[in-house]
Number of protein chains: 2
Amino acid sequence: MTVKDKTTVYQHGTLAMLVAGLFEGTMPLSELLSHGDNGIGTADSLDGELVIVDGKAYQVKESGAVVEVAPDTKIPFASVHYNDTDAPTTRIENINDRKLQEKLIKDNDMFNVFYGIRITGTFSHMHTRVVPRQEKPYPKLTVATRVQPEFEQDNVHGTIVGYFMPYLFLGAAVGGIHWHFINDNRDFGGHILDFQLEKGDVSVQVLENLNQHLPVNNKAFRQAQINLQQVGDDINEAEH
Amino acid sequence: MTVKDKTTVYQHGTLAMLVAGLFEGTMPLSELLSHGDNGIGTADSLDGELVIVDGKAYQVKESGAVVEVAPDTKIPFASVHYNDTDAPTTRIENINDRKLQEKLIKDNDMFNVFYGIRITGTFSHMHTRVVPRQEKPYPKLTVATRVQPEFEQDNVHGTIVGYFMPYLFLGAAVGGIHWHFINDNRDFGGHILDFQLEKGDVSVQVLENLNQHLPVNNKAFRQAQINLQQVGDDINEAEH
């Protein structure tokens, strides 16, 4: 498709697969980027945090280093959408991550619908986490995420990309708001733990479709017996 | 889009919306049919069972009567896909619905992936159910489905259309196999309760994408506070 559909969040893989330890990459980045130019995810073997901004994909590694992802890098789990550059932005100042989440949820009635969120601004403080690369045989997600390097910077300018996903889709996706950060210098970022936003422009994009793609040709996935009872508990432990 | 994508099940609305009593139609049939030519669902106000075969949509009403659905009829919940007419079919004889479900699940490793199922054949017995039309203010699904007319025919030739959906998507969709029937005369059908298949041709189509569309412009949906804890229990009561 050559038309940029700005109403869809495209997701390859599911969070439940990661919970079960299915960390093998199953879609080349180049293919993922044919479905959106902004997004978040992880790389083959759970190798760090992906942040996709304006069609470029950055990988924040467990060392804290940021690299641009090669087109043939395989991705096990990621969500992307086409950022609506015509969408209105709201200037927001002096707010922390918790208060901003509450405000976004309240102002936009975030409950049953998918939303893309993008924030560009100056953060007086930004605190991130990066999942460490795993080796085969892969452990479960709760084990893989037990020890995660954390990174902090003050007075950093950059971009947050993320989503609100209805809790109905918890297990397929992360329920609620889930966002990653990358700075303008492209040398600091990751999964957001907390921040203090000094001044930023926030855009919220209603996405009426979730296009959930599954790696149907991956044998480990096709045959995996995923304990769904356990998935919810494990997500809470690994993602929060 | 003019290309018929045979790898996607397109779903408008969610089962959780029905569980919460959101029975108002939110997408015209004509738009739904632009995403697939086979499928199942229900109509505005939970008015019967939809069976979509080869691009034509039939509505089995609570009286047992079958009508062809008008293009502007609003649909609250339905799943459609483009039937792959080149897909191989398997001839299966003398089996009941339970054994056939078990066989399809076992033979195709139905667990984590979406599947479209279509069976054309002669049934020595077919037993269906039809949900009755509701009036506003709509009750919850468990109340609406408490009394449902049932219909039976012997020695009937017709078509089953349905899906296997991974239990990870339970709540958005019906987990497991869910299928509807329409006879060749287009005067008998509904949600399948049980059957005895005398001889039929079965085709199973792997669908690697679920395109989940939400009625983002429906105010009742946007503001609904759906109790997700309750959804699973209510689905079990209403759908089984």
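All chains are named by letter (A, B, ...) in the order of the sequence lines, taking the proteins before the strands, and each is independently numbered beginning at 1. Everything numeric here is computed off the predicted structure, so don't read it as measured data.
Other residues, nucleotides and ligands contribute at most 12 non-hydrogen atoms within 6.0 Å of the NZ atom of B:Lys140.
With chain B as partner, the option from A:Leu210, A:Val216, A:Ile226 having the largest number of non-hydrogen pairs under 4.5 angstrom is A:Leu210. Between chain A and the residues B:Thr8, B:Asp109, B:Leu214, the largest count of heavy-atom pairs under 4.5 Å involves B:Leu214. Per-residue counts of heavy-atom pairs under 4.5 Å with chain A were compared for B:Val113, B:Leu207, B:Asn217, B:Val206; the largest is that of B:Val113. Of the listed residues A:Gln223, A:His213, A:Met110, the one with more heavy-atom pairs under 4.5 angstrom with chain B than any other is A:His213.
Only the backbone of A:Asn108 has a heavy atom closer than 4.5 Å to any heavy atom of chain B. Neither the backbone nor the side chain of B:Gln11 comes within less than 4.5 Å of any heavy atom of chain A. A:Thr7 does not touch chain B: none of its heavy atoms, backbone or side chain, sits under 4.5 Å away. For a residue to count as touching a neighbouring chain, one of its non-hydrogen atoms must lie under 4.5 Å from one of that chain's; by this rule A:Phe111 touches chain B with the side chain only.
Closest heavy-atom contact between B:Gln212 and A:Phe169: CG-CZ, 3.6 Å. Nearest heavy atoms, B:Leu168 versus A:Ala172: CD1-N, 3.8 Å.
At distances below 3.5 Å, at least one donor-acceptor pair connects side-chain atoms of A:Asn112 with backbone N or O atoms of B:Ala224.
For the atom pair CG of B:Asn209 and OH of A:Tyr10, the computed distance is 5.5 Å after rounding to the nearest 0.5 Å.
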